[in-house]
Amino acid sequence: MTVSELDEIRAIERKWQDRWFSDKIFEPQSTGSKKYFLTTPYPYTSGPQHIGHTRTYNVADIHARFMRMNGYNVLWPMAWHITGTPILAISSCIERCEGATIALYENYVRLYEEDESRVEEIVNSFVNPWNIANYFAAKIIPDFQKMGFSIDWSRQFTTGDPIYNQFIRWQYEKLMELGLIVSGQHPILYCTIDKNAVGEDDIAGGDVDKISIDEYIGIKFSFEDGYIVTATLRPETVFAVTNLWVAPSETYVKAYVDGEKWIISPESASKLRYQQHDVNIIEEFRGSALLGGHCVSPVGSKIPILPASFVDVNYGTGIVMSVPAHAPYDWAALNDLRQQRGINADNDLIRLTNDIEAIKPISLIKIEGYSDFPAVELCERFDVRSQRDNETLSRITNLLYKEEFYNGTLKPIAQQFEGRLVRDVKEDIVEFLKARNAASTIYETSAKGLCRCGGSVVVAIEPDQYFLNYGDPKWKAKAFELLDQLKIVPDAYRAQFVQTFHWLDKRPCVRRRGLGTTFPFSKDHWIIEPLSDSVIYMALYTIIKHLRECDPEQLTPAFFDFIFLGKGDLTHVSQQTGLPQEMLRAARHEFTYWYPNDHRHTAVAHISNHLSFFLFHHAIIFPKACWPKIVTLNELLIREGVKMSKSRGNVIPIATVPEVYSADLVRLCLVSIADLNSTVDWRENEVEMVKKRLLRFWHAANSDIVSGQPQYDKELSFPSRWILAATNAMVSRASEAAHQFSYRKYVTEAFFEQLNRVEEYRSMVLDSGERRHVLLDLLNVWLRVLAPVIPHIAEELWERVHKDGYISLAAFPQYDNLYAETLVQKRFLDGVIGDVSNIQAAIKRETASVFIYLAAAWKYKLCEVVYGLDGRSLKQIMARAKEDPELRTHLKDIARIAPGLVKLLAQEPAADIVLGFEAESETLLATKEYLSRRFGKDVSIFVENSDIYDPANRARRALPAKPAIYVE
RNA sequence: GCGGAGGUAGCCAAGUGGUCAACGGCGGUGGGCUCAAGAUCCACUCUCACAGGAGUUCGCGGGUUCGAAUCCCUCCCUCCGCACCA
């Protein structure tokens, strides 16, 4: 068992992959009564596939193969997703000659290209995003083939194809007709230089430090002829404001904002312009000019304006409202002012003394376990010295905000909002303030970000965004109806679907740029975004072959209505589209044959988006008969305990699988390491273990084939009958596991445990014609059970045992109860072996002989009697024994052994414990030599009676199912 | 905070009312093989017994039951999702 055997397996894998592909054995026709239409996500073609993606496809392939062998006409097609901005972002990185991206893509391309000069050339070509999409789409095909996936390659398309665009336009026509597309304004991340929306991929480091949009409330404090505007995440605290904070040395502006005079920072002014506000600056001044002034809060309080160093003019409006009772920063800043007073006799401070002196924290929110002034309390507890203790302050700020938000209730000072939970009342207070023209929504990025082009990332309001209205009641109701009849495996994920379905609401479905389909309902240039154009494409697989010859212009909404919904009249549609009637008829037939999508398998990460959209769209666009039936899910894959990621450099691309591992090895590992609902941790030492087992199987199977004897006329011995029965039982358990998608259990049963059993059988029956025959016979069944998991090896061995045709297309073995009683016999034997081992281990002496004493016949009779009794007290047993003429002669012994017997029979199911004398005796006699070898001692088998060698007087302890043992 | 999943021997991990001291693997110990190492094979790997026995275990603490890792309750801890990101 060496490298050369693994090399041989690798060569075999290539051989069968080529044959499957050239014989097109996985390209089903739309005929046959049992069909199974399986889909998995089409890969996003921004780079090579790795072993993490492969987990999903691997499960799908194993199931596809299992179903195929169970007589289903299985369709598992594949296409390519290129829609969206990531590919665009990569292109522009390469165009700008960004070293890291170029190096990454050169490494990707090197996986497939030997010629180094080609590598550079190809990467250079990636300045055109289509080249990225096409290059990787083309390379993922051989990647998948290297894994042995039984994909139908004849139905490929990309989401950028004109045919696809027409299909998606039809989908959106339907949604528009149903009134499910709405428009409105929407905040987005936006680059100030590109003048365009930015996604995660466009932001420098955006994949690591994600930037989100925070919704602040701008609160207007009346001041002179206008307002000082502060920005806050906690509008409810407006009732407890004691003062405002400004940065005295920074510049502020007075500006007309939508016709009102606002005092804010200039940075804020320019950001507001992106948020659909009309902003004109009137004058600039230093923050210190505001100090000592007083403004009036929306709830009528007179509020002084004071200086604080923690104020950042880049954040919000650059002016902060101070709530010292509930905001640690504010309390700390207030303390700083008080302590500086008198020490550094700054003019400003002296001027402000009275104001500072007068400030008392105002208690607004009541929370369990805190005083009236939790911010004060926390500052003291965490020993905050000044407003510059940034780390501590932000930590306790988060802590307190969370606590107050979820568990805090408002005090009487909150007037009509008294007594309500902060989390419930927040929105109402915003409404209240807005109604008095005292508040305005201001969006801010959660962190500073730079676009890859160098521009700042800000929040802009898109005034005319289109949304899919998942919140529409009729849509939601349909979706729930679909969900109710959908099988989900593992079913534990159902709750996540339910939750997602509940909170799904309006969702933007178009973007200003990216690859994809143009949105048909706007004069502006909009592209339907990736998660919105990838939800019903499974339908396209069914008919794509018929569309290749068409002019995409012919694929009108009427065409798709006819094919998918059966709407319209054949002749009419034919005339309208110019498409031949037979083509329309064939496509319609193919769609109705394959749809619905019986089974979709994907990763759990898709539940809250793709899968839910998939179900929503199917529910509303297609009739019930076309609704998907089963969704199965798997968790993700990590490597040596950590996530795989580009930045860690620990990704295993599929392209390297054939040289580093082997397809069948990876396939076996991926399902054996973990169940669907837990993470696979790809650890080399586990892989190594699986590799050894696989090679051992390969080695043994080959030698069984070489030495195999097709014919054997004599009666089979107990061990042979047992291994055949055990194999039968294995087929049954494996089949059941597969139907439940428990493929870990499947390989445990069908590979690992079966391998152990077969090895045990080998040691039970030394080389003989019988064994050679049985092993060959067994292989015929076993290989077919293994074929879904390790198809290459199974296919090769199948050929070597001279079976006709592909094992991939062979019938999954049937199973029956032949020799089932031997399974109980084997359990009995294992019990005896266990007992002998126990005793040997206990006495720690060299021994030469083992004596096994089967119980006397009357004990078996007693056993039946006891088994039939309702109660099993000694008294009852003795009473019954007295009635029996034979047992009556053994009363003394019965009294002695009855407790042990009762205990034995307490094991469930009792009927399987006691085989009867004949069977026990046959089992031991048939395996006597094996036992002798196994113990390394002479083994003698006796039946309990007076004429036997029994120096320690052990035989009398013998019970049915539990012979007595003596070693010497 | 809400919703979901989960906490099992040194580690990973199966097991959801009785055949469970608890599958399997890794690691560890001893032994066979070998000049030796690796590979491989066998045994052991909670505690105590040392003739097949007993005791204590499955996050903590309670409860239901003849019987609980498994069912119920309180608590502690970990992970995932909470949207416009594919």
Side-chain angles (χ1 to χ4, degrees), chain A residues 1-2 41 43-44 46 81 83-87 186-189 197 199-201 206-207 210-213 402-403 405-407 421-423 465 467-468 470 490 492-500 502-511 529-532 534 603-610 612-613 635-636 641 672-675 677-679 681 683-686 688-690 692-693 695-696 744-745 748-749 752-753 756 759 763 827 831-832 834-845 847 904 906-910 912-913 934 936 952 954 957 962-968:
Chain A
M1 291 196 208
T2 54
Y44 194 72
S46 60
H81 202 196
T83 311
T85 52
I87 287 180
H186 185 66
I188 51 168
L189 292 175
E200 196 177 296
D201 305 277
D207 51 339
K210 296 193 179 179
I211 295 183
S212 55
I213 296 173
K402 210 171 170 179
E403 188 64 29
F405 179 72
Y406 292 114
N407 302 320
L421 273 170
V422 172
R423 57 197 282 197
Q465 173 67 267
F467 303 86
L468 287 175
Y470 291 111
Y493 294 110
R494 182 175 295 275
Q496 287 193 33
F497 277 99
V498 170
Q499 205 204 352
T500 303
H502 279 301
W503 63 242
L504 269 177
D505 197 5
K506 294 187 186 65
R507 185 182 194 283
C509 59
V510 291
R511 292 203 192 144
E529 63 86 41
L531 281 167
S532 302
S534 57
V604 286
H606 293 142
I607 292 175
S608 66
N609 42 58
H610 166 77
S612 289
F613 304 153
E635 283 285 351
L636 49 106
S672 71
I673 289 173
D675 283 328
N677 59 354
S678 42
T679 305
D681 188 358
R683 291 188 295 196
E684 290 305 325
N685 65 354
E686 297 222 10
E688 195 56 29
M689 185 276 296
V690 175
K692 282 173 197 163
R693 306 293 297 236
L695 287 176
R696 200 199 293 186
R744 182 178 200 266
K745 190 169 181 210
T748 305
E749 291 286 353
F752 295 99
E753 290 188 358
N756 287 343
E759 291 190 351
S763 64
R827 221 169 75 176
V832 174
D835 282 350
V836 172
S837 307
N838 265 342
I839 293 166
Q840 286 202 134
I843 58 183
K844 288 177 186 153
R845 255 182 290 123
T847 55
L904 192 74
Q907 292 179 31
E908 294 291 331
D912 280 359
I913 302 282
R934 177 145 181 174
R954 294 273 166 208
R957 302 176 52 146
K962 200 166 173 70
I965 291 156
Y966 171 63
V967 297
E968 73 171 14

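Nothing here was measured: the structure is a model prediction, and the numbers come from that model. Excluded from the calculations below are hydrogen atoms, water molecules and symmetry mates; all remaining heavy atoms, backbone and side chain alike, are included. In what follows, chains carry the letters A, B, and so on, assigned in the order in which the sequence lines appear, proteins first and then strands, with residues in each chain numbered from 1.
Here A:Ile213 contributes atom CD1 and A:Leu189 contributes atom CG; the two are 4.5 Å apart, rounded to the nearest 0.5 Å.
For the P atom pair drawn from B:C66 and B:A83, the interatomic distance equals 50 Å after rounding to whole Å. B:U29 and B:A54: their C1' atoms are spaced 25 Å apart (whole Å). Separation of the C1' atoms belonging to B:A39 and B:U34 is 11 Å when rounded to the nearest angstrom. If you take atom P in B:C72 and the same atom in B:C79, they sit 25 Å apart, rounded to whole Å. Taking the C1' atoms as reference points, B:C60 lies 41 Å from B:C42, given to the whole Å. Atom name P, nucleotides B:G53 and B:C20: the rounded distance is 14 Å, in whole Å. Nucleotides B:A21 and B:A69 are separated by 12 Å at their C1' atoms, to the nearest Å. B:G63 and B:G1 are spaced 29 Å apart, taking the C1' atom of each and rounding to whole Å.
Here B:A83 is the nucleotide among B:A83, B:G52, B:G4 with the atom lying nearest to any side-chain atom of A:Leu504. Counting only heavy atoms from C-beta on, A:Glu686 has its side chain closest to B:C12 among B:U40, B:C12, B:G4. The side chain of A:Met689 sits closest to B:G25 out of B:A51, B:A5, B:G25. Of the listed nucleotides (B:C82, B:A43, B:A51), B:C82 has the atom at the smallest distance from the side chain of A:Trp503. In the set B:C85, B:A14, B:G52, B:G52 carries the atom at the smallest distance from any side-chain atom of A:Asp835. Candidate nucleotides B:G4, B:A51, B:U40 were compared by shortest atom distance to the side chain of A:Lys692, and B:U40 ranks first. In this structure, the nucleotide among B:C26, B:A14, B:G3 sitting nearest to the side chain of A:Gln499 is B:G3. Among B:C23, B:A51, B:G52, the nucleotide with an atom closest to any side-chain atom of A:Glu753 is B:C23. For A:Arg957, whose side chain is taken as the heavy atoms from C-beta onward, the closest listed nucleotide among B:A43, B:A14, B:G52 is B:G52. Residue A:Tyr966 has its side chain nearest to B:A51 when only B:G52, B:A51, B:C85 are considered.
Taking each heavy atom of A:His186 and A:Pro508 in turn, the nearest pair found is NE2-CG, 3.3 Å. When all heavy atoms of A:Arg957 and A:Ala964 are compared, the closest pair comes out as C-CB, 4.2 Å.
Contact of the A:Phe467 side chain with the A:Asp505 side chain is not registered, since no non-hydrogen atoms from C-beta on lie closer than 4.5 Å. Contact annotation: the side chain of A:Leu531 approaches that of A:Arg507 to within less than 4.5 Å [non-hydrogen atoms, C-beta and beyond].
A donor-acceptor contact under 3.5 angstrom links the side-chain atoms of A:Arg827 to the base of B:U19.
Under the Watson-Crick or G-U wobble criterion, with both distances below 3.5 Å, B:G24 is paired with B:C12. B:C82 and B:G1 make up a base pair, with Watson-Crick or G-U wobble contacts both under 3.5 Å. Across the strands present, B:C33 finds no partner; the criterion is a Watson-Crick or G-U wobble pair with both atom distances under 3.5 angstrom. Under the Watson-Crick or G-U wobble criterion, with both distances below 3.5 Å, B:G61 is paired with B:C73. Nucleotide B:G55 forms a pair with B:C46, judged by Watson-Crick or G-U wobble geometry with both contacts under 3.5 Å.
Protein atom CG of A:Asn756 is 14 Å distant from nucleotide atom C1' of B:C42, rounded to whole Å. If you measure from atom CZ of A:Phe497 to atom P of B:C82, you get 14 Å, rounded to the nearest angstrom. If you measure from atom CZ of A:Arg954 to atom C1' of B:G52, you get 9 Å, rounded to the nearest angstrom. With rounding to whole Å, A:Phe752 atom CZ is found 14 Å from B:A14 atom C1'. The separation between A:Glu635 atom CD and B:G81 atom P is 10 Å, rounded to whole Å. Rounded to an integer number of Å, the gap from NE2 of A:His81 to P of B:C85 is 15 Å. Distance CD (A:Glu684) to P (B:C12): 19 Å, rounded to an integer number of Å. For the pair A:Tyr470 OH and B:C84 P, the interatomic distance rounds to 14 Å; values are reported in whole Å.
Residue contacts shown for A:Arg683 are limited to sugar-phosphate atoms, with no base heavy atom under 4.0 Å away. If you check every strand for non-hydrogen atoms under 4.0 Å, A:Asp505 touches a base. Here A:Asn609 lies in heavy-atom contact (under 4.0 Å) with a base. When heavy atoms are screened at a 4.0 angstrom cut-off, A:Pro187 is found touching no nucleic acid atom at all. Contact annotation for A:Pro508: base contact, defined as any heavy-atom pair under 4.0 Å involving a base atom.
Using modelled atom types, no side-chain atom of A:Ser612 and backbone atom of A:Ser608 make a donor-acceptor pair closer than 3.5 Å. In this structure, A:Arg744 contributes its side chain and A:Ser672 its backbone to a donor-acceptor pair below 3.5 Å. Panel note: side chain A:Tyr44, backbone A:Thr83; a donor-acceptor pair is recorded below 3.5 Å.
In this structure, A:Ala495 and A:Ala674 both approach RNA chain B, and ranking their closest nucleotides by distance from the 5' end singles out A:Ala495. Of the two residues contacting RNA chain B, namely A:Glu529 and A:Asn677, the nearest-nucleotide position lying further toward the 5' end is that of A:Asn677.
One finds no side-chain N or O of A:Lys506 lying less than 4.0 angstrom from the OP1 or OP2 phosphate oxygen of B:C84.
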